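Just so it is clear, the model here is predicted, and its values are computed rather than measured. Side chains are part of it too, since the values below use all heavy atoms of this structure and drop only hydrogens, waters and symmetry mates.
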Amino acid sequence: MVKLIDIFKKNFQADILDSHEQQGNETIVVSPERLHDVLGFAKNDPETLLNALMDLCAVDYLGQGPRFEVVYHLYSTSKNHRLRIKTRVPEENPKVKTCVDLWKSADWFEREAWDMLGIVFEGHPNLKRLLLFDGFEGHPLRKDYKINRRQKIPEPLERP
């Protein structure tokens, strides 16, 4: 059985920054510039056919560079295999290209990652708050977010 890591290394050798496997779970780390190409390959290549985006999340590594990591959990419904693809983005420019064009399920995942951690998904069709109200300032899952900070609570809407 061919490992997914080997397929990606063969096709994106210079763009795979790191890889590892632990207990059958394969992970690759790619550059943010090539992320969308790697994701598109993962979905459409006949050997991988990772047609389901199971989850997308972000991690804050405050004090490290690059500070943020965006993690894509992919699954192939026909081949029954999984791959985790990660990319790291800096605090000064926390941006990656949206993958809503590849998986519609990315719409809400990307909005949640933006809402909670401030990761910008360039080209997202509707990148706005998902879990917090529109006037909320900041991104509460950032490790440097002031948890005692007061937020201006919006007035409740009047019902007809």
For F68 versus P90, what's the shortest heavy-atom pair and its separation? CD1-O, 4.4 Å
Decide if atom CZ of R150 counts as having more than 12 heavy atoms of other residues, nucleotides or ligands within a radius under 6.0 Å. no
Do L17 and V71 share a hydrophobic cluster (ILVMFWY, side-chain heavy atoms under 4.5 Å, transitive)? no
Nearest 0.5 Å, what's the CG-CG distance between N11 and D6? 11.0 Å
Determine, for R67 against D144, whether the closest basic-nitrogen to carboxylate-oxygen distance falls under 4.0 angstrom. yes
Closest non-hydrogen atom pair between S78 and L49, with its separation: OG-CD1, 3.8 Å
More than 12 heavy atoms from other groups under 6.0 Å of NZ on K95: no
Charged N to carboxylate O below 4.0 Å: is that the case for K79 and E47? no
Mind checking whether M116 and L132 have side chains closer than 4.5 Å, heavy atoms only? yes
In Å and rounded to the nearest 0.5 Å, what is the CZ to OG1 distance from R82 to T27? 12.5 Å
In one Ile/Leu/Val/Met/Phe/Trp/Tyr side-chain cluster, 4.5 Å: I119, V29: no
At what distance, to the nearest 0.5 angstrom, does CG of L74 lie from CH2 of W103? 4.5 Å
For the CG atom of L35 and the OH atom of Y72, what is their distance to the nearest 0.5 Å? 4.5 Å
In the structure I gave you, are the side-chain heavy atoms of E92 and P66 within less than 4.5 Å of one another anywhere? no
Are V70 and L102 connected into the same hydrophobic cluster when the rule is that any two of I, L, V, M, F, W, Y join if their side-chain heavy atoms are below 4.5 Å apart? yes
Under 4.5 Å between side-chain heavy atoms, counting indirect links through other Ile/Leu/Val/Met/Phe/Trp/Tyr residues: same cluster for L62 and Y145 or not? no
Does the pair W114 and H124 meet the rule for a ring-ring contact (aromatic ring centres under 6.0 Å, His included), with working shown? CA-CA 11 Å; W114 179 81; H124 189 284; 9.6 Å; no
Search all heavy atoms of S31 against all heavy atoms of T87 and return the closest pair with its distance. C-OG1, 3.4 Å
Determine, stepwise, if the pair L53 / H73 fulfils side-chain contact (heavy atoms from CB on, under 4.5 Å). CA-CA 6 Å; L53 175 66; H73 300 262; 5.8 Å; no
C99 side chain near K43 side chain, heavy-atom distance below 4.5 Å: no
Please assess F12 against F41 for the test ring-ring contact (aromatic ring centres under 6.0 Å, His included), listing each intermediate value before the final yes or no. CA-CA 10 Å; F12 296 95; F41 176 85; 5.2 Å; yes
State whether E69 and K86 are salt-bridged, where the test is any N-O pair (Lys NZ or Arg NE/NH1/NH2 against Asp/Glu carboxylate O) under 4.0 Å. yes
Does R129 pair with D115 as a salt bridge, N-O distance under 4.0 Å? yes
T98 side chain near E122 side chain, heavy-atom distance below 4.5 Å: no
Between S19 and E26, is any side-chain donor less than 3.5 angstrom from a side-chain acceptor? no
Would you mind reporting whether S76 and T48 have side-chain heavy atoms less than 4.5 Å apart? no
Are V96 and Y61 in one and the same hydrophobic cluster, where Ile, Leu, Val, Met, Phe, Trp and Tyr link if side-chain heavy atoms are under 4.5 Å apart? no
Q13 CD: over 12 foreign heavy atoms closer than 6.0 Å: no
Min side-chain heavy-atom separation F121-K97 under 4.5 Å: no
Please evaluate residues F8 and D15 with respect to the criterion side-chain contact (heavy atoms from CB on, under 4.5 Å), reporting the C-alpha separation (whole Å), side-chain torsions for both, the decisive distance (0.1 Å), and the verdict. CA-CA 9 Å; F8 283 88; D15 304 309; over 6 Å; no
Within this structure, what is the CG-CG distance for the pair N25 and L4, rounded to the nearest 0.5 Å? 11.0 Å
Looking only at heavy atoms, which two atoms of V89 and N93 are closest? And how far apart? CB-O, 4.4 Å
Is L50 close to I85 at the side-chain level, that is, under 4.5 Å between some pair of heavy atoms? no
I28 and L83, any side-chain heavy atoms less than 4.5 Å apart: yes
Quick one about D101 and H36 (side-chain donor to acceptor, distance below 3.5 Å, no hydrogens or angles considered), yes or no? yes
From CA spacing to verdict: side-chain contact (heavy atoms from CB on, under 4.5 Å), Q151, F133: CA-CA 10 Å; Q151 293 281 337; F133 52 89; 4.2 Å; yes
Ignoring hydrogens, what is the shortest heavy-atom contact between R111 and N126? Give both atom names and the distance. CD-O, 3.3 Å
Could you tell me whether R34 and D37 have a side-chain N and a carboxylate O separated by less than 4.0 Å? yes
What pair of heavy atoms forms the shortest contact from F109 to M54, and how long is it? CZ-O, 3.5 Å
State, without any angle test, whether Y75 and N80 hold a side-chain donor-acceptor pair at a distance under 3.5 Å. yes
